[in-house]
Amino acid sequence: MEKRNKYSFRLFGNKDLPSYFLERRNVIRMIFFTTVYSLVFINIFRPFNSENWIPNGNSTNYFMYSSLMVVIGMVVISLSRLIMHYVVKKVQIGYTEYIVWLIFESFMLAAFYVFIAYKVGFVENYLANTPDTTLWVALFDIFRKAAVNTIWMLLIPYTIALLFLSNEDLRRKVIEIESEPAGRIIQFKDERGEIRFSTALENILYIVAADNYVNIKYVSSDGVSDYLLRNKLKNIEEDMLNTPLRRCHRSYMINLVHVTSIKHDKDELSLEFDTTSIKDVTLTKTYYDSIIEAFMKYSGQDNLR
């Protein structure tokens with residue numbers, strides 16, 4: 001049966017929200033981090049004049065009371081995310097809709113805190129201190145302050161959590177790319193360790209030493225191109241362990257993906273490439289055994305002749 005597409009809901013035509021934001025594991029991690037942060041925040045800054053909500057309250061009682069408040073708040077957020085889980089099964093939301101949902105969560109928490117303030121008698125104390133204020137004005141004023149403080153209280157942990165998840169997803173994608181033999185991205189660093197040149201592994205033909213530089217021969221849209229990098233071939237060799245880029249000569253590293261054969265010509269060994277625009281590269285006896293082993297691994301065939 002053909003899978004039905006989700007209905008797409010957009011307020012301002014923004015981009016789709018990345019799926020990893022809505023994965024159950026990540027949602028649980030975000031709620032847990034937000035809960036811990038909120039508990040620390042409340043006990044340090046004590047927003048909403050919450051220390052006045054507990055008659056004769058000391059630090060221990062305040063911690064117990066604030067912990068209960070945070071746990072209940074965590075339940076409210078968990079219910080919100082549970083609803084979101086079922087909504088996004090049918091509706092594809094974007095960044096704007098996600099942010100609006102988070103703001104709505106903050107308002108819901110603020111309303112909950114106003115309800116608690118009313119039940120514990122904080123609203124009565126507020127009215128007693130401001131006799132000209134009506135009940136609804138007092139409730140609105142408390143709600144307004146609670147909403148502002150709640151948004152600020154959640155903004156930092158939400159931002160940190162979302163940035164962490166974005167970075168984690170980016171790292172995962174990089175690892176996946178690098179694990180693909182054909183599409184692996186190779187990064188070349190200069191002598192100071194800064195990345196200067198990146199390209200797909202399959203684009204590289206060979207690397208040749210040139211004094212304090214190395215010349216990288218690679219395939220580009222213009223044919224075979226050069227990139228001159230200030231570094232030593234020995235350092236490049238160390239960076240390219242477990243890749244098809246192998247040392248075959250004191251001055252050369254070759255990409256075995258492009259080597260079609262190893263030729264014996266009298267007392268000389270040479271490597272032949274899969275493109276006629278590149279001359280054969282000499283293979284010295286020092287590197288013969290390691291090249292033979294790597295050649296069998298990366299070429300998958302025996303073309304010795």
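Nothing here was measured: the structure is a model prediction, and the numbers come from that model.
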For the residue pair Tyr95 and Phe21, categorise the inter-ring angle as parallel (less than 30°), tilted (30 to 60°) or perpendicular (more than 60°).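 It falls in the perpendicular class, over 60°.
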
Which residues end up grouped with Val75 if you chain together Ile, Leu, Val, Met, Phe, Trp and Tyr wherever their side-chain heavy atoms are less than 4.5 Å apart?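 So far as hydrophobic clustering goes, Val75 is joined with Leu79.
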
Less than 6.0 angstrom from the centroid, inside 45 degrees of the normal: does Arg81 satisfy that with respect to the ring of Tyr158?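 Cation-pi check for Arg81 and Tyr158: passes.
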
Against the six-membered ring of Tyr213, is Arg230 placed for a cation-pi contact (under 6.0 Å from the centre, within 45° of the normal)?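 Geometry flag: set, cation within 6.0 Å and 45°.
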
Of Asp274, Thr275, Asn203, which meets side chain to side chain donor-acceptor pair (under 3.5 Å) against His258?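 Only match with His258 under side chain to side chain donor-acceptor pair (under 3.5 Å): Asp274.
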
Would you find more than 12 non-hydrogen atoms of other residues, nucleotides or ligands less than 6.0 Å from Glu23 atom CD?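 Yes, because the 6.0 Å sphere around CD of Glu23 holds more than 12 heavy atoms from other groups.
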
Tell me if the CE atom of Met108 is crowded by more than 12 foreign heavy atoms within 6.0 Å.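 Atom CE in Met108 is not crowded, with 12 or fewer foreign heavy atoms closer than 6.0 Å.
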
Salt-bridge test for Asp239 and Lys189: reply yes if a basic N is under 4.0 Å from a carboxylate O, no otherwise.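 Looking at Lys189 together with Asp239, the answer is no, because their closest N to O distance does not fall below 4.0 Å.
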
Under a 4.5 Å cut-off applied to non-hydrogen side-chain atoms, are Leu39 and Met69 in contact?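 Answer no - side chains too far apart.
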
Is the shortest side-chain heavy-atom distance between Leu271 and Asp280 below 4.5 Å?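 Side-chain contact under 4.5 Å: no.
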
How far apart are the closest heavy atoms of Ser220 and Ser225, and which atoms are they?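 The pair with the smallest heavy-atom distance is OG-OG, 2.5 Å.
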
Nearest heavy-atom pair of Thr284 and His249: which atoms, and what distance?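 Where Thr284 meets His249 most closely, the heavy atoms are CG2-CD2, 3.3 Å.
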
Test Phe197 against Tyr218 for ring-ring contact (aromatic ring centres under 6.0 Å, His included), laying out the working first. CA-CA 11 Å; Phe197 180 67; Tyr218 67 100; 4.9 Å; yes

In sequence, state the C-alpha distance, the side-chain angles, and the governing distance for Asn231 and Asp190, and then conclude on side-chain hydrogen bond (donor to acceptor under 3.5 Å, both in side chains). CA-CA 5 Å; Asn231 205 340; Asp190 62 15; over 6 Å; no

